[in-house]
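Note that the coordinates shown come from a computational prediction; the quantities given were computed from them, not determined experimentally. Remember, it's 1-based here, ligands and their atoms both numbered in the order they're listed. Computed over heavy atoms, backbone and side chain alike; hydrogens, waters and symmetry mates excluded.
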Amino acid sequence: MATNNIVILGAGVSGLTTAYLLSQDPSNSITVVAKHMPGDYDIEYCSPWAGANYLPTGQPGSNHAKWEEQTWRPLKELTEKHPEAGIHFQDTIIYNRKKDQESATGQWFSALVDENPWYKDVVLDFTRLPKDQLTPGIDNAQRFKSVCINTAVYLPWLVGQCRKNGTVFKRAVFKHVTEAAKAHHSGQAADVVVNCTGLSSKNLGGVHDDKLHPGRGQIILVRNDPGRMASISGTDDGEDELFYMMTRAVGGGTILGGCYQKHQWDPLPDPNLAIRIMKRAISMFPELVGEGQGIEGLDIIRHGVGLRPLREGGPRIEAEKIDGVTVVHNYGHGGFGYQASYGCAAEAVRLVKETLQNKIRAKL
Ligand SMILES: Cc1cc2nc3c(=O)[nH]c(=O)nc-3n(C[C@H](O)[C@H](O)[C@H](O)COP(=O)(O)OP(=O)(O)OC[C@H]3O[C@@H](n4cnc5c(N)ncnc54)[C@H](O)[C@@H]3O)c2cc1C
């Protein structure tokens, strides 16, 4: 019988993965409450806009890298055993230009483009491209098999798994994190609130995290299918612009990106940047379009903008008491919310269990 009342605030990949793991324990009674749910597209809701693939960016030895490493196995298992989750394997090539080292994109990708990266034994079939096969301007490149997630399928799949385990979903908007404690579907106060509000934790009452800021990403979703993923550490168009592409599973289209614009909040696609992204895609991968075609050969589904929840010092996964309410935070995952989702959620679950045990001990 369920004895622990838990409210999860937020229904992005962080909130849903945490709910999914917690819901596997029948002693937990869970309500997920959020302003935005899977199916919505909004600038305050980052998760639907993600590519999303698994390209580790955590520095060796960091928590970030540890959470990414812990996430590979669950994603691989879902890919192999649950085709309905909307994840597939895809080959990827990573190109590095040493001249990008100091740029915003080069720093973001520094662990990814390392010639001897920590993740080489985690992903599948890792190989370095021979130097004589590199095009001029590329200093090193590697190829491996990774996964690409169709977020429009995967987020609803997580909702479905939680529903099967009895989790209740509700819409609400809160000004203060402690208000969520009153939202449990039983009508009783929650024993613990898990705060998974992403970038919104910057302005959420009781949290007001000044270390958070947006890392704006702009993408174009197209019907063209290159059949593989690719990324490069930077471009000559601007120090916060780069190129990446990935084809989402089960007909989800191909994402062309992008940029990593820190502290930029603009929710509207910039048409000039969109043209630069499409031109870069075709100059690097002419096979995306028919022979001799330019960007008119791209069959556009939609343009999009998402704000990555970047946080100085990395994600915040910790417990605290706010006005008498026990809160476990799990937010601030920048550009790696999917590829670190299971590692981060497992850490949040550990803290939830710890706080529940402390409560039981206090009652005895
Ligand atoms: C263009 C782009 C590409 C990306 N590609 C990748 C990728 O390939 N791989 C990868 O791992 N990551 C990628 N990311 C990063 C990833 O998308 C994010 O790290 C992740 O989505 C963050 O999820 P979240 O659940 O923490 O936040 P969100 O998805 O923003 O969810 C926040 C939730 O909290 C709710 N909420 C907020 N405030 C309140 C409130 N006051 N009251 C009630 N509810 C509230 C919202 O409604 C929402 O449900 C990409 C991001 C972008 C923008």
Checklist line | Electrostatic pair R171:D40 at N-O distance under 4.0 angstrom | finding: yes

Check: If you measure from the Lys or Arg side-chain nitrogens to the Asp or Glu carboxylate oxygens, is any gap between R143 and D91 under 4.0 Å?
Finding: no

Margin query: Residue-level breakdown please: for L55 versus ligand 1, do any non-hydrogen atoms fall below 4.0 Å on the side chain, on the backbone, on both, or on neither?
Written below: neither

Next item on the list: Return the option from Y338, Y244, Y54, Y45 holding the heavy atom at the smallest distance from atom 1 (C) of ligand 1.
Entry: Y244

Margin query: Given G15, G198, C148, identify the one with the heavy atom nearest to atom 27 (O) of ligand 1.
Written below: G198

Checklist line | Ring centers of W49, Y41 separated by less than 6.0 Å | finding: yes

Next item on the list: Inspect the contact between E115 and K120 and indicate whether a charged nitrogen and a carboxylate oxygen are less than 4.0 angstrom apart.
Entry: no

Notebook entry, point to check: Is ligand 1 less than 4.0 angstrom away from at least one heavy atom of S341?
Noted result: no

Check: Salt bridge between E179 and K175, side-chain N to carboxylate O under 4.0 Å?
Finding: no

Next item on the list: Would you mind checking which non-hydrogen protein atom is closest to atom 5 (N) of ligand 1, with the distance to 0.1 Å?
Entry: G51 N, 3.3 Å

Next item on the list: Among all protein heavy atoms, pick the one closest to atom 39 (C) of ligand 1 and tell me residue, atom and distance.
Entry: T197 CG2, 3.9 Å

Check: For ligand 1, is any non-hydrogen atom under 4.0 Å from A172's backbone (N, CA, C, O), its side chain (CB onward), both, or neither?
Finding: backbone

Notebook entry, point to check: Considering only heavy atoms, which of G10, G217, A183, S146 lies nearest to atom 34 (O) of ligand 1?
Noted result: G10

Margin query: If the cut-off is 4.0 Å to any non-hydrogen atom of H333, which atoms of ligand 1 fall inside it?
Written below: 19 (O), 26 (O)

Check: Touching ligand 1 at all, G258? Heavy atoms, strictly under 4.0 Å?
Finding: no

Item checked: Sub-4.0 Å heavy-atom approach of F174 to ligand 1 -> yes

Notebook entry, point to check: Should one rank C344, G335, G306 by closest heavy-atom distance to atom 10 (C) of ligand 1, which comes out on top?
Noted result: G335

Notebook entry, point to check: Would a line drawn from the ring center of F243 to the ring center of Y95 be shorter than 6.0 Å?
Noted result: no

Checklist line | Atoms in ligand 1 with a heavy atom of I219 nearer than 4.0 Å | finding: 1 (C)

Next item on the list: Measure up the W108 and Y260 rings against each other and bin them: parallel (under 30°), tilted (30 to 60°), perpendicular (over 60°).
Entry: parallel

Margin query: Looking at ligand 1, is there an atom of it that comes within less than 4.0 Å of some heavy atom belonging to G257?
Written below: no

Notebook entry, point to check: If you measure from atom 6 (C) of ligand 1 to every heavy atom of A34, A50, S200, which option wins on shortest distance?
Noted result: A50

Note to self: Please tell me whether W157 and Y20 form a close aromatic pair, meaning their ring centres lie under 6.0 Å apart.
What the structure shows: yes

